[in-house]
There are 2 protein chains.
Amino acid sequence: MKFVIQRDQLISSVQDVMKAISSRTVIPILTGMKIEAKESGITLTGSDSDISIESFIPAEENGNVNVEQIEAGSIVLQAKYFPDIVRKLPEKTVEIESDENLKVTIRSGKAEFNLNGQDAEEYPQLPKLQTDDSFELPIDLLKSLIKQTVFAVSTMETRPILTGVNIKLENGNLTFTATDSHRLASREIPVSEAPGQLPTVVVPGKSLNELNKILDDTEETVEISVTNNQILFRTKNLNFLSRLLDGNYPETSRLIPEQSKTVLHVKTKELLSTIDRASLLAKEERNNVVRLSTKGNGLIEITSNSPEVGTVAEEITVPSISGEELKISFSSKYMIDALKAIEYEEVKVEFTGAMRPFIIRPANDDPILQLILPVRTY
Amino acid sequence: MKFVIQRDQLISSVQDVMKAISSRTVIPILTGMKIEAKESGITLTGSDSDISIESFIPAEENGNVNVEQIEAGSIVLQAKYFPDIVRKLPEKTVEIESDENLKVTIRSGKAEFNLNGQDAEEYPQLPKLQTDDSFELPIDLLKSLIKQTVFAVSTMETRPILTGVNIKLENGNLTFTATDSHRLASREIPVSEAPGQLPTVVVPGKSLNELNKILDDTEETVEISVTNNQILFRTKNLNFLSRLLDGNYPETSRLIPEQSKTVLHVKTKELLSTIDRASLLAKEERNNVVRLSTKGNGLIEITSNSPEVGTVAEEITVPSISGEELKISFSSKYMIDALKAIEYEEVKVEFTGAMRPFIIRPANDDPILQLILPVRTY
């Protein structure tokens, strides 16, 4: 195998693929990165069994030559050293060559690295997904869906299914839902030209976080394909494959209260920074709990106290408030996460009493929904 | 005590003073920050016994009003919460008030914090230094002196005196020297208008690192005063006090070879990035060791190898080389630290054989000196 490649292109592909590579894996060869050269270009592959990433660098793209002097072949290189080496090479181009003894030579300017490779035949084959049942989304929309829900997955392994995001495509509507049983985040969007129905799946939160990091915020599309135990996200030069979580995702719709007793409209940023301040004293002993009280005259008050340290109180004048008076306590962290996820200027908060879950939505009723369970403080 | 202060000024002073405050201290009140209001302005004080920092915010400065409505007094606040509170307050001004029960109220906009303070009478008095025996330096020069030497102090407590930088003022020359017994860094500068002689002192490396972080890179001056067990660095609005290390600093001048057998001139950046690349494979088992060999024809070669991973080699064409041929091995980390500290384009490296310490200096003979002991590799 041999090729000469633009270093910038190589760096960016290597960085993407590294997101799937773990130094702690039970399959030793998966600590390496597979490099495959074909006439059409170079494919880098990394995998930790849960996530697999393939990044393709086309030999030519939009009239630019990325890779030259290609001699087909493949090799696996130790991923621990390869990214730093590529990043620190002196010139704009890099020559990579391997011989029949699995010795790999990396040259750039006067620098020459000789590394021990491993046989690419021993690298596991990635499953090939049937892509008949697939649909497309703009990449920036997929990133929003992930960011608005994934933070609410559980980090506890006691109910593994809750560590994933539930993705459902029904009647032309795509829904992402995540819950750790103390809060819930979901968003629904219409998908045109989608297959009527796809199997409902649960994708590990970790996979979606990595996917979100790799995808650039563009309006190009990503193609999503699902089988029983894998999901594939495919963009022009990237294949991102994740295993799915086994088990039944809980029915979450019945958690969402249908009526409300107190309805509040409030500027997102103002509520966010007030709760952020109130949470400063609530960090440790009080488990981040803050209290919201209605004060009449279009005022609410956010308070918190820590017996050792002191108390904090701040009033907010809200655009509108209706219904019953209310005092309710909740985790400031959950509220901050929820408000950050709703990328709208104004939110509507709907309460059904101090002991019942409450809902935060964009004021314009866009189908983003954040639900938080209150905390009993007396 | 009461005052209304510009928040930006307060944030920057609090950040400086926090550098001296540790949450792990044997004197509980030192986990707090002392705030003292006088008609002339506000003084913040933090200390961990080793380092003490006083930052003064003048009520008026250059025609700008920083502090208003001052009622004299003082209080100690828990430093764990205060910086975050100040940073996150909503308005440009902050009102701080304490009552006779040591309750402190912090107000900004509609936000109000009520904190438990401690009696400032219980805060230890900082020692007052005699400043007769003092001299002045431009701040940017002091920062250079620190950066060019402090990295070479020892991090091991086996010889505590080596964890400090030796500061010597003799015959109008000021010298900073640091060594961990494997390498040495020193710089000498002439000081005009200084007292002929000051006690030679050893300042903890940690203190100088913190001082370097706090001081802005300006041409204003810092006044340095020394007593037997303390050193004071004083700028317009800042007092930085550090304890000194007890004991005799070793005589380092005899370590420095007076003759050399091989002399090399080389571009600093080129040598630095080549050694940086060679060190990539030398990270763990080989303890960062790289080898430098002369190759004739104005060439040197930097190599490194790690049996498990592979080898790396790179040639450099140097501006000049004279004397005996040489193969020498040394820690890439020490060499990288030394080259980074010498802020000149070209360096002169003087060797006296593969087993003897070698010296790196700016090519123009400025009195910055970096000395490194080689590593025996066979």
Side-chain angles (χ1 to χ4, degrees), chain A residues 32 77-91 98 102-118 269-270 272-284 295 299-317 336, chain B residues 32 77-91 98 102-118 269-270 272-284 295 299-317 336:
Chain A
L77 269 182
Q78 285 190 41
K80 188 171 175 188
Y81 302 95
F82 188 53
D84 275 345
I85 292 174
V86 171
R87 207 161 42 81
K88 293 191 168 176
L89 286 173
E91 299 291 331
S98 68
L102 306 173
K103 295 290 175 199
V104 182
T105 307
I106 302 175
R107 286 187 202 91
S108 180
K110 287 183 180 167
E112 180 173 314
F113 287 81
N114 289 285
L115 304 177
N116 304 320
Q118 287 175 276
K269 262 197 192 158
E270 205 174 345
L272 185 60
S273 55
T274 300
I275 288 178
D276 193 23
R277 278 189 285 276
S279 73
L280 287 174
L281 300 190
K283 282 272 156 67
E284 283 146 47
K295 302 292 273 185
L299 285 178
I300 60 169
E301 188 184 45
I302 306 291
T303 55
S304 177
N305 74 83
S306 159
E308 296 266 303
V309 190
T311 62
V312 49
E314 184 167 353
E315 283 182 352
I316 304 177
T317 309
I336 289 170
Chain B
L77 268 182
Q78 285 190 41
K80 188 171 174 186
Y81 301 96
F82 188 52
D84 274 345
I85 291 174
V86 172
R87 208 161 42 80
K88 293 191 169 176
L89 286 173
E91 298 293 332
S98 69
L102 306 174
K103 296 288 174 199
V104 182
T105 307
I106 302 175
R107 288 187 202 92
S108 180
K110 288 183 181 168
E112 181 173 314
F113 287 80
N114 289 285
L115 305 177
N116 303 320
Q118 287 175 276
K269 261 197 194 157
E270 205 175 344
L272 186 60
S273 54
T274 300
I275 288 178
D276 192 23
R277 277 190 285 276
S279 74
L280 287 174
L281 300 191
K283 283 273 156 67
E284 283 147 47
K295 303 293 273 186
L299 285 178
I300 60 168
E301 188 185 46
I302 306 291
T303 55
S304 178
N305 73 84
S306 160
E308 295 264 304
V309 190
T311 63
V312 49
E314 184 167 353
E315 284 180 351
I316 304 177
T317 308
I336 289 170

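A note on names: the letters A, B, ... follow the listed sequences, proteins ahead of strands, and every chain is numbered from 1. Hydrogens, waters and symmetry mates play no part in the numbers below; they use all other heavy atoms, side chains included.
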Q: Please determine, among A/Leu280, A/Asp84, A/Leu115, the option with the most heavy-atom pairs under 4.5 Å with chain B.
A: A/Leu280
Q) Of all of A/Val312, A/Ile106, A/Leu77, which one pairs up most often with chain B through heavy atoms under 4.5 Å apart? A) A/Val312
Let me confirm one number: the [atom1]-[atom2] distance from [X] to [Y], rounded to the nearest 0.5 Å.
| X | Y | atom1 | atom2 | answer |
| --- | --- | --- | --- | --- |
| A/Ser306 | B/Gln78 | OG | CD | 8.0 Å |
| B/Lys88 | A/Ser279 | NZ | OG | 6.0 Å |
| A/Leu281 | B/Lys80 | CG | NZ | 11.0 Å |
| B/Phe113 | A/Thr311 | CZ | OG1 | 9.5 Å |

Q | All side-chain hydrogen bond (donor to acceptor under 3.5 Å, both in side chains) counterparts of A/Glu270, not counting sequence neighbours | A |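 side-chain hydrogen bond (donor to acceptor under 3.5 Å, both in side chains) list for A/Glu270, sorted by chain: empty.
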Q) Quick one: side-chain hydrogen bond (donor to acceptor under 3.5 Å, both in side chains) partners of A/Lys269, sequence neighbours excluded? A) none
Q) Under 3.5 Å, is there a donor-acceptor pair between the side chain of B/Asn116 and the main chain of A/Glu308? A)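 Answer holds: yes.
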Q: Output the option from B/Gly310, B/Gly109, B/Gly117, B/Ala111 having the highest count of non-hydrogen pairs under 4.5 Å with chain A.
A: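 Top count of heavy-atom pairs under 4.5 Å with chain A: B/Ala111.
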Q: Counting only heavy atoms closer than 4.5 Å, note whether B/Glu112 contacts chain A via side chain, backbone, both or neither.
A: both
Q.
Please tell me whether B/Lys110 and A/Thr317 have a donor and an acceptor in their side chains that are separated by less than 3.5 angstrom.
A.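 A donor-acceptor contact under 3.5 Å links the two side chains.
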